[in-house]
Amino acid sequence: MKLPKSFYTRPDVVQVAQELLGKYLFTNINGILTGGMIVETEAYSGENDQACHAHLNRRTQRTEIMYHEGGVAYVYLVYGIYHLFNIITNRQDSADAVLVRAIEPQEGIEEMLLRRNMAIPKPNLTAGPGVMSVALGINKKLYGADLTGDTVWLEDRGTPIASADIATGPRIGIDYAGEDAQLPWRFWLKGNKWVSRKR
DNA sequence: TGGCTGATGCGA
DNA sequence: CGCATCAGCCAA
């Protein structure tokens, strides 16, 4: 079942980030279906989060979509190379987002291997936000895409995730965020080999 | 096995 | 100028 808009418009981005574990992320790029189960996420909490692009209500052409009502995609380029895929949550004018960092491949594995220039599936096929986007064909064309649409969307396939299966830790690559760098807002499935880092 | 570094676009 | 990254290199 495709996740409805009401899943994304809820106010607690940390809770949504945890609940996204075990959900499925799919893209249909030029008729080619790829996707898999989300195994790693990070929560970014709007204007009050020093790690968030919308910290202090920063509003630019890039961050504008973060202020949209939940249920759309925020895609941006980092290090001049990788497109990172984020899910916008909460109500309009709140700039909360969840970064999806890794999936366990499920659909279209052959196509993902082609896009990644790999011969056989290994965990680094989709472990890490940059390479995951390569595998799924995600780029800035998906900036602002409706997550209840037919190009990029999420599904609940009934995979049960107990809170005991979820590990937490500080978010990766945000040392500049002061005390917020220590917030335990990275979530991953314990023991899952498709997660980007053990700790 | 682990640390360093180059590649590279763009927001501030 | 430095970044919500990754892979390839080299030393051990």
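The model shown is predicted, which means the values in this text are computed figures rather than measured ones. Here is how names work: the chains are called A, B, and so on, in the same order as the sequence lines, proteins then strands, and each is numbered from 1.
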Nearest heavy-atom neighbours spanning A:Ser196 and A:Arg101: OG-NH2, 3.3 Å

Residues in salt bridge (Lys or Arg N to Asp or Glu O under 4.0 Å) contact with A:Lys140, at least two apart in sequence or another chain: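 By the salt bridge (Lys or Arg N to Asp or Glu O under 4.0 Å) rule, A:Lys140 matches no residue at all.
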
Same cluster (ILVMFWY, side-chain, under 4.5 Å), A:Leu183 and A:Val13: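 The answer is yes; both residues are in one hydrophobic cluster.
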
Cluster link A:Val72 to A:Ile87, ILVMFWY, side chain under 4.5 Å: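 No; A:Ile87 is not reachable from A:Val72 via cluster members.
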
Contacting residues from residues 81-112 of chain A, given that a heavy atom lies under 4.0 angstrom of DNA chain C: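 Under 4.0 Å from DNA chain C: A:Tyr82, A:Leu84, A:Asn86, A:Leu99, A:Arg101.
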
Lys/Arg N to Asp/Glu carboxylate O, [X] vs [Y], below 4.0 Å:
X	Y	result
A:Arg171	A:Asp49	yes
A:Glu155	A:Lys23	no
A:Glu69	A:Lys5	yes
A:Glu19	A:Arg10	yes

A:Ala162 backbone acceptor or donor facing A:Asp165 side chain under 3.5 Å: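 Side chain of A:Asp165 to backbone of A:Ala162: a pair is present.
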
N/O donor-acceptor pair under 3.5 Å between A:His83 side chain and A:Ile138 backbone: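 The answer is no, because no donor-acceptor pair under 3.5 Å joins these two groups.
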
Sugar-phosphate only, base, or nothing, as touched by A:Gly80 at under 4.0 Å among non-hydrogen atoms: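 A:Gly80: base contact, heavy atoms under 4.0 Å.
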
5' to 3' contact window, DNA chain C with chain A (heavy-atom distance under 4.0 Å): C:dC3 to C:dA7

Polar side chain donor-acceptor pair, A:Tyr74 to A:His53, under 3.5 angstrom: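 A:His53 and A:Tyr74 do have a side-chain donor-acceptor pair below 3.5 Å.
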
Any side-chain donor near an acceptor of the partner, A:Arg116 and A:Thr126, under 3.5 Å: no

Sequence neighbours excluded, every pair satisfying ring-ring contact (aromatic ring centres under 6.0 Å, His included) that has a member inside residues 118-169 of chain A: A:Phe26-A:Trp153

Give each protein N/O atom lying under 3.5 Å from an N/O atom of nucleotides 10-12 of chain B, with the pair distance.
residue, atom, partner, partner atom, Å
B:dA12, OP1, A:Arg58, NE, 3.0
B:dA12, OP2, A:Thr60, OG1, 3.3

Nearest-angstrom distance, C1' atom, B:dC10 to C:dA7: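 Here B:dC10 and C:dA7 have their C1' atoms 22 Å from each other.
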
Span that lies between the P atom of B:dT5 and that of C:dA12, in whole angstrom: 15 Å

Which nucleotides of DNA chain B pair, in dot-bracket form (Watson-Crick or G-U under 3.5 Å, | meaning another strand): |||||||.|||.

